[in-house]
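The structure appears below as structure tokens.
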Amino acid sequence: MELKDVGQLLLAAIVLIVACYCAFGVEAAAGKIDPLDLQVLKNISEKYSYNTWTFDTDPCSPNAPTSWSNDVKCDCSFDDNKTCHVVYLEIFGENLAGPFPIDIISLRHLTYLSLGNNFLYGPLPPELGTLTGLTNIGVGTNSLSGPIPREFGDLINLSALYMDSNEFSGEIPFEFFKLSNLKTLWLFDNNLSGSIPDIFANMTSLADLRIYGNNLHGQIPESVANLTGIGKLYIGDLSNGGLFPSGLENLQNLSELSLRNNGLIGSIPASLGSLTRLTFLDLSFNNLTSVIPQELWASKSLTTLYLGVNSLVGKLPDSQVQALTALDVSFNQLQGEVPSWLDKATNLQVNLIWNSFNTSSQNNTGLSALPLLNCGDQSGTCDGAGQGNVVKMIIKGESWAGSC
């Protein structure tokens, strides 16, 4: 064998040895899940009969099956990459039934928690407020009850808090004012009481706020006007809501605004027409008066306008609202002729019932393509014989889903 061949053999052997060593070294250096975190996962699996998880593989291993990788994510940078901690836990819509898993508070490095759409019940442990690394809490659509822990105000890194569709009671914690990084807050469809605290002054990152379907009362907080980053604002079902909130024209990122069923009084601010990104506006079921501002009719972005069940007066505009696809002005005190553009707008859903439009006018061309039903005059009779300036039922669109 020539010297050249010997050298090549030695080089190949060295390469093979190094490759084996590196592979073994990587495997040996791969982090393993912290024993306490592993025990938490085992407890959840056992207590809630969550058999999706199998423990023959380290949940934090890169080779863990998708049953783990979809639910659990780890950070393996601890102890010189030797120890992994659970930072992400999602068990969404898996029929978990029972009290909130108290073991979760032992996951000290948790940043993301999603347990929504299950059958959890009972209170939330205040100790969740000690997991200060949390950026997301999702427990919506369960049967959780009791007060919202005030300790949640200490979770200053939170960006999303989903607590909707449960049975939470008591007041919205004032301590929420400390959650300046919050982007999403859903508290709708619970049994919350009291008034909405004035907590929004520093929440300039909040993009999605939904508080309705509770037992709340009082006015909408003035600090809502500070939510300059808000895109979707839903506040509803307040008793004694008072005057229409001021300063909403400052919310130039607003695309959806619903202040439904708050007992609001006064007129609709013309300044809402300056919200150039606003596509959805629901002010139905209030006590609003005066005319519908011309600035709203002139909007180039508004596609949905629900103003039903108020005390609005005046007339509908003579020219079509440019982008409008759904209009509900039912149960108001509107008068005048129904404009012709309603006849020509083929993609528009309309609900005009229970107003005082002059349906007998020969110029009322807007009625030609609308199905009409005379359903009573001002006395409420329903004999189909209404004449002239009577209450009319006028609905256009086969799949109307407005506010009535």
For [Y], does its backbone N or O pair with a side-chain atom of [X] as donor and acceptor, under 3.5 Å?
X	Y	result
N214	Y212	yes
N157	T132	yes
T325	T303	yes
N310	L264	no
D71	I91	no

Worksheet item: In terms of the angle between their ring planes, are F188 and W186 parallel, tilted or perpendicular, with boundaries placed at 30° and 60°?
Response: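 Rings of F188 and W186: tilted, 30 to 60°.
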Worksheet item: With F280, which of L254, L305, T304 fulfils side chain to side chain contact (heavy atoms under 4.5 Å, CB included)?
Response: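 Only match with F280 under side chain to side chain contact (heavy atoms under 4.5 Å, CB included): T304.
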Practice prompt. Count the heavy atoms of every other residue, nucleotide or ligand shown that sit under 6.0 Å from NZ of K73, and state whether that count exceeds 12.
Written response: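 Yes, NZ of K73 has more than 12 neighbouring heavy atoms, counting only those of other groups under 6.0 Å.
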Practice prompt. Spell out, with a plain yes or no, whether C76 and C60 have SG atoms under 2.5 Å apart.
Written response: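 The answer is no, since C60 and C76 keep their SG atoms 2.5 Å or more apart.
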Worksheet item: Can D282 and R260 be counted as an ion pair, charged N to O under 4.0 angstrom?
Response: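 Judged by the 4.0 Å cut-off on N to carboxylate O distance, D282 and R260 do form a salt bridge.
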Fill in: Rounded distance (nearest 0.5 Å) linking atom NE2 of H217 with atom CG of N262
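With rounding to 0.5 Å, NE2 (H217) is 13.0 Å from CG (N262).
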Worksheet item: Side-chain contact, heavy-atom cut-off 4.5 Å: F78 with D34?
Response: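 No, too far: nothing below the 4.5 Å cut-off.
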Worksheet item: Does some side-chain heavy atom of F177 sit less than 4.5 Å from a side-chain heavy atom of P197?
Response: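 Side chain of P197 against side chain of F177, heavy atoms only: no contact under 4.5 Å found.
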Are [X] and [Y] linked by a side-chain donor-acceptor pair shorter than 3.5 Å?
X	Y	value
D37	H85	yes
N190	N166	no
R210	T184	no
S223	D198	yes

